[in-house]
There are 2 protein chains.
Amino acid sequence: MEKNAALPIFEALSSGIRLDVFRLLVRVGPAGMVAGELSTALDIPPTNLSFHLKTLAHAGLVSAEQEGRFQRYRANMALMRELIAYLTEECCAGAPELCGIDACASGLNC
Amino acid sequence: MEKNAALPIFEALSSGIRLDVFRLLVRVGPAGMVAGELSTALDIPPTNLSFHLKTLAHAGLVSAEQEGRFQRYRANMALMRELIAYLTEECCAGAPELCGIDACASGLNC
DNA sequence: TCTATAATTCAAGCCTTCTAAAAATATTAA
DNA sequence: TTAATATTTTTAGAAGGCTTGAATTATAGA
């Protein structure tokens with residue numbers, strides 16, 4: 001993952017509302033949720049939620065699928081895995097021999 | 001890590017300048033860099049850099065140490081590891097049996 | 001077709017962040 | 001002590017994000 005791809009993801013996750021939306025979508029898994037359900041579950045006005053869903057979708061963290069007159073949203077787990085890989089690389093840049101994920105976990109400064 | 005701890009970290013990483021500063025500090029490792037070196041290396045006015053360093057320090061991503069009249073900054077690798085652990089948990093919430101980090105890496109939707 | 005429902009877009013006001021110049025603080029060296 | 005240097009804080013304006021109500025689009029059903 002490039003810096004220019006990671007940046008909008010961090011921006012998307014830097015709002016409490018959007019982090020809540022994403023975590024909820026992760027918890028419900030592949031079933032996802034339609035916009036109205038999200039609005040009710042998180043107690044966020046539909047118009048405001050739509051704004052944040054757009055930001056999340058633009059960053060690629062959620063996908064939207066038309067379902068009759070509903071719009072179903074799902075978390076993009078693949079992108080989250082890529083983000084974790086990016087952060088792991090950043091953590092170890094410049095000293096890869098000291099800092100496999102195991103070395104990191106063992107408390108070395110890497 | 002709690003949501004309220006993760007949020008300011010995402011906020012801190014959601015600026016291109018701050019992401020550059022952090023990645024540079026990761027690369028130079030435990031030696032760290034003083035503010036003036038960072039300003040020159042990244043071509044950012046000292047006053048602006050100081051603003052962003054403050055944000056990074058507030059999120060805990062960098063530490064500052066007085067060194068004579070210089071201020072030496074270092075990346076906080078431990079917090080980055082905690083953030084990676086938090087994201088890994090979020091990734092797997094609700095279906096832990098499907099989604100160890102290995103399962104995630106193998107491409108399962110988790 | 002007509003009505004109801006789901007979701008988004010639009011528009012406005014408010015608030016926060018970003019950037020950089022100027023001033024202030026603190027340390028070193030002469 | 002005095003001057004010079006390193007850095008931060010303050011201050012101000014500019015820019016962009018957040019929130020909400022009203023209007024709009026699109027679909028389902030009578």
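As the structure is a prediction and not an experimental result, all values here were calculated from the model.
Residue A:Arg69 places no side-chain N or O under 4.0 Å from the OP1 or OP2 atom of D:dG29. Regarding contacts with the backbone of D:dG17, every side-chain N or O of A:His52 stays at 4.0 angstrom or more from both OP1 and OP2.
Between the side chain of B:Thr47 and the base of C:dT19 there is no donor-acceptor pair of N/O atoms closer than 3.5 Å.
Rounded to whole angstrom, the span from the CG atom of B:Asp43 across to the P atom of C:dA20 amounts to 10 Å. Regarding A:Phe51, its CZ atom lies at a distance of 13 Å from the C1' atom of C:dC15, rounded to whole Å. Whole-Å rounding puts the B:Asp20 CG to C:dC18 P distance at 14 Å. Summarising the geometry, the separation between CZ on A:Phe10 and C1' on D:dG17 is reported as 19 Å, rounded to the nearest angstrom. Put simply, CD on A:Glu11 is 14 Å from P on C:dT17, counting in whole angstrom units. Summarising the geometry, the separation between CG on B:Leu49 and C1' on C:dT19 is reported as 12 Å, rounded to the nearest angstrom. Atoms CG (A:Leu42) and P (C:dA7) sit 14 Å apart, rounded to a whole Å. Here the C1' atom of nucleotide C:dC15 and the CG atom of A:Asn48 are 14 Å apart, to the nearest Å.
The CD atom of B:Glu11 sits 11.5 Å away from the CD atom of A:Glu11 when rounded to the nearest 0.5 Å. Between B:Thr55 atom OG1 and B:Leu13 atom CG the span is 11.5 Å, to the nearest 0.5 Å. Atom CG of residue B:Leu19 and atom CZ of residue A:Phe10 lie 6.0 Å apart, to the nearest 0.5 angstrom.
Here A:Ile17 lies in heavy-atom contact (under 4.0 Å) with sugar-phosphate atoms only. Within 4.0 Å (heavy atoms only), A:Arg18 reaches sugar-phosphate atoms of the nucleic acid but no base atom.
The two residues B:Gly16 and A:Leu7 make their nearest non-hydrogen contact at CA-CD2, 3.7 Å.
Of the candidate nucleotides C:dC18, D:dT20, C:dT8, C:dC18 has the atom lying nearest to any side-chain atom of B:Ser15.
Mapping A:Gly68 and A:Ser14 onto DNA chain D via the closest heavy atom, the residue that lands nearer the 5' end is A:Ser14. For the pair A:Ile44 and A:Gln66, both in contact range of DNA chain D, the more 5′-proximal nearest nucleotide belongs to A:Ile44.
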Run the salt bridge (Lys or Arg N to Asp or Glu O under 4.0 Å) test on B:Glu65 and B:Arg72 for me, step by step, so that the C-alpha distance in whole Å, both residues' side-chain angles and the decisive distance to 0.1 Å come before the verdict. CA-CA 5 Å; B:Glu65 185 189 5; B:Arg72 184 166 297 273; over 6 Å; no
